[in-house]
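So the structure is just underneath, and the comments pick up after that.
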Amino acid sequence: ETVELRSRVAGTLERVHFREGQRVAKGALLFSIDSRPFAAEVERAQAQLAAAKTQAELAEAERARAEKLLPLKAVSLQEMDQLRAAERNAAASLRQAQAALTTAQLNLGYTRITSPVAGRISRANVTQGNLIGVGEPVLSNVVASDKVYVWFDASEASYLRLRGAMRAGTSAPTVAVGLADEQGHPHLGTVDFVDNRLNPATGSIRVRAVLDNKDGRFTPGLSARVRLASGEAAAATLVPDRAIGTDQTRKVVMVVGANNIVTPREVKLGALTDGMRVVSGLKAGELVIVDGLQRAFPGAPVTPQVLKVDDKGLPIPAPPPAPPGGAPAGGEPKK
């Protein structure tokens, strides 16, 4: 939530009550405008209201007195109608005076500009002593940073999966978010808005997620990577992303097949998760070459060395063997 602070009355800026860039509470006083002209206007309106009340009371009394004389024919019907009209006019003038007083009191209150939300305030664009007008210039702005929105465009296929998950589930779909200086997607949020139509030019739809930001980690305007989770978990085959090569228009991996012969295998790529790529075209347990690819040629025999993997499934490189007799180190492809 971002709020631009503007003045609703014209006057001289009397004081700035905040330190630029600080956090401010909801309702905190930020700017004050010279209130003396507006206080005088309140007093004038109060005097007009008092006069209108006196006039209304007099009109009411005259009408009541005439009604008592009407049966005695001491007043004419025309005079009676005029007195009743005068009473109604006095009552209307009283309401008008009350409205004028309310407006004057509002304007007096507008000389104290407070924060409508809790958040962090920007710099003051106008300093003490300047004359400001109604609505211009923008005095400053406040950003409510306890919660932040992440806006992103989802493809049509992602939207259809998201829609199905929202219809079937009892809770909002989650998103994982990562900033430019972070690995992976360590922050979790929930989808709270999906636009009402797809953009036909891009085939995507606008989606918004909300994240908690009480620790101030996120600053409005940052870019982020977003991973949208929708639907149920499904089994998948993953390989290290660095093991995937390109053969013209195809994506291939080198597989150690029967008799330890290198065989290229075309794969279709899926999502990337912590350095591991979801692929189709491989079976679980097949040996995929990840190191020494420059020495692995299709049809060539190799002596594979099975590498250990970490908790994310990424292979841990084996230490290079000590060169015998000072000869250059070498080795066979590893998987």
Side-chain angles (χ1 to χ4, degrees), residues 1-2 143-213 217-255 264-286 288 290 312-314:
E1 295 180 345
T2 302
V143 175
S145 55
D146 286 346
K147 293 186 180 296
V148 295
Y149 292 132
V150 181
W151 295 89
F152 58 95
D153 293 319
S155 66
E156 183 175 349
S158 298
Y159 164 67
L160 293 175
R161 291 195 299 270
L162 174 64
R163 186 182 66 176
M166 294 179 69
R167 289 179 174 178
T170 57
S171 59
T174 60
V175 296
V177 177
L179 301 180
D181 62 343
E182 296 174 330
Q183 297 294 327
H185 304 77
H187 309 287
L188 295 180
T190 55
V191 174
D192 73 333
F193 167 78
V194 180
D195 210 348
N196 57 3
R197 66 188 298 269
L198 274 80
N199 185 341
T202 61
S204 61
I205 191 169
R206 199 70 166 164
V207 182
R208 185 181 72 187
V210 60
L211 281 78
D212 183 78
N213 191 39
R217 174 63 175 165
F218 303 105
T219 300
L222 289 176
S223 298
R225 302 181 308 277
V226 179
R227 185 175 65 195
L228 177 63
S230 60
E232 298 180 354
T237 302
L238 294 88
V239 298
D241 194 51
R242 70 174 189 267
I244 302 172
T246 302
D247 181 9
Q248 294 183 351
T249 61
R250 304 184 306 160
K251 295 294 183 180
V252 297
V253 296
M254 295 298 179
V255 178
R265 183 77 59 80
E266 181 179 1
V267 293
K268 302 295 183 182
L269 304 186
L272 179 65
T273 304
D274 298 328
M276 300 291 286
R277 177 74 68 174
V278 176
V279 297
S280 58
L282 285 175
K283 296 180 180 178
E286 290 189 291
V288 176
V290 294
K312 297 179 181 179
L314 287 170

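Between Leu179 and Glu182 the shortest heavy-atom distance is N-OE1, 3.0 Å. Shortest non-hydrogen contact noted between Phe193 and Arg206 is CE2-O, 4.4 Å. Nearest heavy atoms, Pro186 versus Gly178: CD-CA, 3.9 Å. Here the shortest heavy-atom pairing between His185 and Ala176 reads CB-CB, 3.4 Å. Shown here for Val278 and Ala236, the closest heavy-atom pair between the two residues is CG1-CB, 3.9 Å.
Taken from CZ in Arg265 to CD1 in Ile244, the straight-line distance is 13.5 Å, to the nearest 0.5 Å. Atom OH of residue Tyr159 and atom CG of residue Asp153 lie 14.0 Å apart, to the nearest 0.5 angstrom. To the nearest 0.5 Å, the span separating CD on Glu286 from OG1 on Thr237 amounts to 9.0 Å. Taking CG of Asp195 as the start and CH2 of Trp151 as the end, the distance is 8.0 Å to the nearest 0.5 Å. From Asp212, atom CG reaches atom NZ of Lys147 across 4.5 Å, with rounding to the nearest 0.5 Å. Remark: Leu160 CG to Leu198 CG distance equals 8.0 Å, nearest 0.5 Å.
Counting non-hydrogen atoms of neighbouring residues, nucleotides and ligands closer than 6.0 angstrom, the CD atom of Glu266 exceeds 12 such neighbours.
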Given side-chain contact (heavy atoms from CB on, under 4.5 Å), test Leu211 with Val177 step by step and report yes or no.
CA-CA 9 Å; Leu211 281 78; Val177 177; 3.9 Å; yes
Report the C-alpha separation of Asp146 and Asn213 in whole Å, then their side-chain angles, then the decisive distance to 0.1 Å, and conclude whether the side-chain contact (heavy atoms from CB on, under 4.5 Å) test is met.
CA-CA 5 Å; Asp146 286 346; Asn213 191 39; 6.0 Å; no
Is there a side-chain contact (heavy atoms from CB on, under 4.5 Å) between Val150 and Phe218? Walk through the geometry before answering.
CA-CA 10 Å; Val150 181; Phe218 303 105; over 6 Å; no
Please report the C-alpha distance between Val148 and Val210 in whole Å, then the side-chain angles of each, then the deciding distance to 0.1 Å, and finally whether the side-chain contact (heavy atoms from CB on, under 4.5 Å) criterion is met.
CA-CA 6 Å; Val148 295; Val210 60; over 6 Å; no
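A distance-only check finds no donor-acceptor pair linking the side chain of Arg208 to the backbone of Val194 [under 3.5 Å]. Proximity of a side-chain donor or acceptor of Arg277 to a complementary backbone N or O of Gly270 within less than 3.5 Å is detected.
Contact annotation: the side chain of Glu156 never approaches that of Ser204 to less than 4.5 Å [non-hydrogen atoms, C-beta and beyond]. Inter-residue side-chain proximity for Val191 and Leu228 is flagged as met; some heavy-atom pair is nearer than 4.5 Å. A heavy-atom distance below 4.5 Å is not found between the side chains of Val252 and Val267.
With respect to Lys251 and Asp241, no salt bridge is recorded, no charged nitrogen being found less than 4.0 Å from a carboxylate O.
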